[in-house]
Chemist: 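The structure under discussion is supplied below as structure tokens; questions concerning it will follow.
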4 protein chains.
Amino acid sequence: MLDAAVAVFSRRGYHAAGVDEIAEAAGISKPMVYAYLGTKEELFVACLRREATRLLQAVLDASAEEAGASAGEAGASAGEAGASAGEAGVLAEEQLRRGLRAFFGFVGAHRDGWRVLCRQARGQEPFAAEVAAMRQRMVEAVAVLLARPAGAHADDITPIAHALVGAGEAMADWVVDHPTEDPDVTAGRLMNLMWPGIARVLRP
Amino acid sequence: MLDAAVAVFSRRGYHAAGVDEIAEAAGISKPMVYAYLGTKEELFVACLRREATRLLQAVLDASAEEAGASAGEAGASAGEAGASAGEAGVLAEEQLRRGLRAFFGFVGAHRDGWRVLCRQARGQEPFAAEVAAMRQRMVEAVAVLLARPAGAHADDITPIAHALVGAGEAMADWVVDHPTEDPDVTAGRLMNLMWPGIARVLRP
Amino acid sequence: MLDAAVAVFSRRGYHAAGVDEIAEAAGISKPMVYAYLGTKEELFVACLRREATRLLQAVLDASAEEAGASAGEAGASAGEAGASAGEAGVLAEEQLRRGLRAFFGFVGAHRDGWRVLCRQARGQEPFAAEVAAMRQRMVEAVAVLLARPAGAHADDITPIAHALVGAGEAMADWVVDHPTEDPDVTAGRLMNLMWPGIARVLRP
Amino acid sequence: MLDAAVAVFSRRGYHAAGVDEIAEAAGISKPMVYAYLGTKEELFVACLRREATRLLQAVLDASAEEAGASAGEAGASAGEAGASAGEAGVLAEEQLRRGLRAFFGFVGAHRDGWRVLCRQARGQEPFAAEVAAMRQRMVEAVAVLLARPAGAHADDITPIAHALVGAGEAMADWVVDHPTEDPDVTAGRLMNLMWPGIARVLRP
DNA sequence: TATGAATGAGCCTTCATTCAT
DNA sequence: GATGAATGAAGGCTCATTCAT
């Protein structure tokens with residue numbers, strides 16, 4: 001039922017979307033919408049939270065999953081003896097790349113959700129705070145990922161994480177409007193663009 | 001008078017903002033708003049256009065201005081003998097840096113405008129198209145800037161420009177919420193982060 | 001519910017009548033009016049059409065009904081052998097008289113409707129056309145009635161029909177303001193006034 | 001200046017006509033309209049009164065003017081010896097015919113005024129009363145004209161006068177929409193239609 | 001339980017009308 | 001005296017939200 005709501009919100013926008021419309025799209029009747037999810041505002045927040053949670057989870061899962069094909073052995077051997085700085089950097093790069101792949105993959109597969117999340121809710125008070133919180137979680141995750149191998153530059157890392165997330169969002173928007181683009185290619189592009197700078201900042 | 005409108009739209013959002021409220025903030029009465037700027041929708045578009053135009057102009061002016069203090073000598077000597085690829089790259093870097101400084105400076109000085117422009121209008125049909133057009137102009141300007149010194153990789157440059165603009169926007173959002181941050185420092189941060197990757201992509 | 005609308009429109013006029021007022025008169029609330037009959041304009045047109053249709057139908061029915069008490073025998077004998085011109089004229093006279101009786105009867109019984117129909121809507125664009133069409137139907141019906149027994153003077157008959165309808169309307173207005181007047185007497189008056197001229201024009 | 005107002009009212013209707021529009025059409029500025037003629041309502045009433053007065057005057061003048069070409073000798077000789085009933089009837093017929101000619105002539109020459117007078121103001125409270133009064137004057141004039149030669153049937157004459165005026169109005173409306181029709185022909189048509197009945201009613 | 005029907009509240013928009021120049 | 005500029009007041013229309021069935 002949230003699916004229907006997300007679809008309608010995505011297509012028409014929060015204000016233009018009528019509750020009638022959502023109810024009809026969900027195949028139920030209006031009072032049911034209120035019974036199940038309360039106010040239109042609460043309904044929208046519910047959509048928001050679900051989409052954001054799923055997205056974040058997908059990214060975190062991918063990033064944290066057992067080191068797979070490409071970085072597998074290195075990670076394993078490194079794990080035994082404590083990773084050197086270089087090895088840690090390679091690991092972070094690989095995690096970031098996997099996270100981005102998951103990110104673009106998710107966005108490509110859930111266009112409606114992304115539109116609701118990022119294009120509708122962002123500036124609309126009372127949702128902006130909600131979105132900001134979700135976004136903050138993502139930024140922090142990225143910051144942690146980047147900060148682990150690095151030394152003490154944590155303060156400098158937060159803005160970088162913001163920039164990285166912003167760049168990702170921008171490309172996600174671009175991907176939403178270019179459905180043929182492959183998520184892995186997009187992730188590769190962004191990595192090529194960003195990693196050199198990240199690496200230099202992390203180990204000056 | 002647009003100033004008042006921008007302020008109200010920024011604080012309350014397009015839909016929540018009442019025309020009464022805007023009129024009151026502008027110190028005039030409601031019918032005057034309609035007399036001067038037409039419909040609420042037209043009023044919003046007018047705000048949008050003004051902010052976007054000013055922002056774009058500020059960035060373009062800064063980017064294109066006579067090579068100033070920092071890059072002065074290099075640019076001058078390069079101008080005499082025709083710039084080598086390396087020198088052109090240096091020029092582009094300098095232009096980009098100046099553009100970013102102007103960008104963050106403008107955003108910091110026009111917080112309300114930025115919020116309206118990027119946070120409100122982006123997902124709200126019928127304004128999304130307007131914003132998309134402005135943004136596209138910005139992306140193209142960046143793409144041209146980057147493409148000049150580079151060879152034939154123009155196709156790869158567009159997504160990069162998107163990412164760069166996105167990263168800039170994200171940091172702008174961050175700046176908006178951290179008023180103490182100096183625009184030049186922010187620009188420097190973003191340059192440090194992005195330029196190595198840009199340089200590598202441009203001249204692999 | 002149209003009844004309430006007709007009453008209010010009749011009392012206050014189209015523009016002076018507020019939708020709130022109509023809703024209150026109908027015992028429902030404003031949004032219901034919009035839900036059931038759409039725009040205020042559409043509501044007015046609906047009133048118009050209903051009143052006009054009823055009136056027209058009443059007149060046509062009365063005029064076309066089986067020759068009743070007064071003209072019964074004549075009609076019956078004429079029916080057998082084919083009516084002579086004189087007999088056809090008598091039939092037309094009788095039909096016209098019955099039509100007028102029905103007309104004045106209806107107007108007397110639906111004062112509000114008549115006021116809306118003829119006094120409000122006539123000059124008020126965008127309704128004038130609607131009323132003109134209804135009126136044209138009435139004029140044509142009269143013209144056909146008169147033309148049947150007559151020979152080829154059809155062109156001269158249209159203005160006569162207009163005049164007849166106009167005279168009828170004028171007396172209807174008069175009837176509306178003189179509730180004690182009996183419809184049959186009014187019809188008799190008008191017949192006495194008009195028929196001699198009609199008969200002379202029809203058979204010079 | 002009333003001319004401009006009449007033209008605008010005729011074209012747009014009372015409510016649709018803006019005071020700005022009228023002022024512009026008159027070549028002066030809005031506050032002047034208020035200075036000269038007061039409220040919009042008063043302005044409309046002024047138009048109304050002027051048109052109605054002119055029309056009534058034109059009809060009365062024509063009806064009362066020295067017996068002209070056609071009825072000249074008869075009227076003159078009748079005047080000497082006291083008119084017989086028949087001669088009085090002939091005089092009334094002639095006066096009525098002249099009145100009708102003037103009426104249709106005036107309407108044809110002042111279409112705008114007629115539209116304002118009869119099509120707009122009729123049902124629109126607060127003007128209906130004004131129009132009704134004017135109309136009543138016309139009806140009375142006709143009734144007096146008809147009653148003079150007749151005996152004591154004054155009560156029966158009023159409704160007849162109403163019907164006659166109504167028929168005239170209807171043909172006037174028809175004339176307004178058929179500009180090629182000659183006023184004298186129209187008057188002749190109406191006389192042919194009505195006079196036989198009138199004559200019969202007057203002298204049963 | 002699920003719904004058709006109903007509504008209170010509010011927003012955009014428009015004029016007739018009047019000052020300050 | 002004439003006007004450009006300003007406004008108070010009101011009306012049409014919509015929609016989130018809730019009863020009675």
Side-chain angles (χ1 to χ4, degrees), chain A residues 1 5 8 12-24 26-44, chain B residues 1 5 8 12-24 26-44, chain C residues 1 5 8 12-24 26-44, chain D residues 1 5 8 12-24 26-44:
Chain A
M1 171 159 119
V8 173
R12 307 260 285 127
Y14 174 69
H15 275 98
V19 177
D20 319 9
E21 221 169 334
I22 295 171
E24 190 182 10
I28 62 179
S29 89
K30 219 185 332 181
M32 284 299 97
V33 176
Y34 284 88
Y36 287 153
L37 291 160
T39 264
K40 184 187 178 187
E41 197 171 308
E42 291 165 336
L43 169 58
F44 192 71
Chain B
M1 170 160 124
V8 173
R12 306 264 284 130
Y14 174 70
H15 277 100
V19 176
D20 321 11
E21 216 170 337
I22 294 171
E24 192 180 9
I28 61 179
S29 89
K30 210 179 350 175
M32 281 298 96
V33 176
Y34 284 90
Y36 287 150
L37 292 160
T39 275
K40 183 186 178 188
E41 194 172 312
E42 291 166 337
L43 169 58
F44 192 71
Chain C
M1 172 160 121
V8 174
R12 305 264 283 130
Y14 174 70
H15 276 100
V19 177
D20 320 14
E21 216 170 338
I22 294 172
E24 191 181 7
I28 61 179
S29 88
K30 209 181 349 176
M32 281 298 96
V33 176
Y34 285 90
Y36 286 151
L37 292 160
T39 276
K40 183 185 177 188
E41 195 172 312
E42 290 167 337
L43 168 57
F44 192 72
Chain D
M1 173 159 120
V8 173
R12 307 261 284 126
Y14 174 69
H15 276 98
V19 177
D20 319 7
E21 220 169 334
I22 294 171
E24 190 182 9
I28 61 179
S29 89
K30 218 181 337 176
M32 283 300 98
V33 175
Y34 283 89
Y36 288 154
L37 291 160
T39 263
K40 183 187 178 186
E41 197 171 308
E42 291 164 336
L43 169 58
F44 192 71

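Atom set for the values below is all heavy atoms of this structure, side chains included, hydrogens, waters and symmetry mates excluded. Reminder, nothing fancy here: chain letters follow the sequence lines and each chain counts from 1.
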Chemist: Which heavy atom in B:Ala5 sits nearest to a heavy atom in B:Leu43, and how many Å separate them?
Modeler: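 Of all heavy-atom pairs spanning B:Ala5 and B:Leu43, the closest is CB-CD1, 4.0 Å.
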Chemist: Could you summarise the pairing of DNA chain E as dot-bracket text, marking Watson-Crick and G-U pairs under 3.5 Å with ( ) or [ ] inside the strand and | across strands?
Modeler: .||||||||||||||||||||
Chemist: Given atom OH of B:Tyr36 and atom P of E:dC12, what is their separation to the nearest angstrom?
Modeler: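 So the two atoms are 20 Å apart, to the nearest Å.
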Chemist: Which atoms form the tightest heavy-atom contact between D:Ala23 and D:Ser29, and what is the distance?
Modeler: CB-C, 3.9 Å
Chemist: State whether the side chain of C:Glu24 and the backbone N or O of C:Glu21 hold a donor-acceptor pair below 3.5 Å, judged by distance alone.
Modeler: no
Chemist: Determine, for nucleotides 14-21 of chain F in 5'-to-3' order, which nucleotides have protein heavy atoms under 4.0 Å from the base (write B), from only the sugar-phosphate (write S), or from neither (write -).
Modeler: BBSBBB--
Chemist: Any salt bridge (charged side-chain N to carboxylate O under 4.0 Å, His left out) pairs touching residues 28-38 of chain D, not counting sequence neighbours?
Modeler: D:Asp20-D:Lys30
Chemist: Could you tell me how far apart B:Glu24 (CD) and F:dA6 (C1') are, to the nearest whole angstrom?
Modeler: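 Going from CD in B:Glu24 over to C1' in F:dA6 covers 16 Å.
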Chemist: Quick one: C:Met32 CE to E:dA9 P, roughly how many Å, whole number?
Modeler: 16 Å
Chemist: Just list the side-chain donor-acceptor pairs under 3.5 Å for residues 31-41 of chain B, sequence neighbours left out, or say none.
Modeler:
| unit_1 | atom_1 | unit_2 | atom_2 | d |
| --- | --- | --- | --- | --- |
| B:Lys40 | NZ | B:Tyr14 | O | 3.0 |
| B:Lys40 | NZ | B:Ala17 | O | 3.0 |

Chemist: Tell me the interatomic distance from B:Leu43, atom CG, to E:dC12, atom P, rounded to whole angstroms.
Modeler: 11 Å
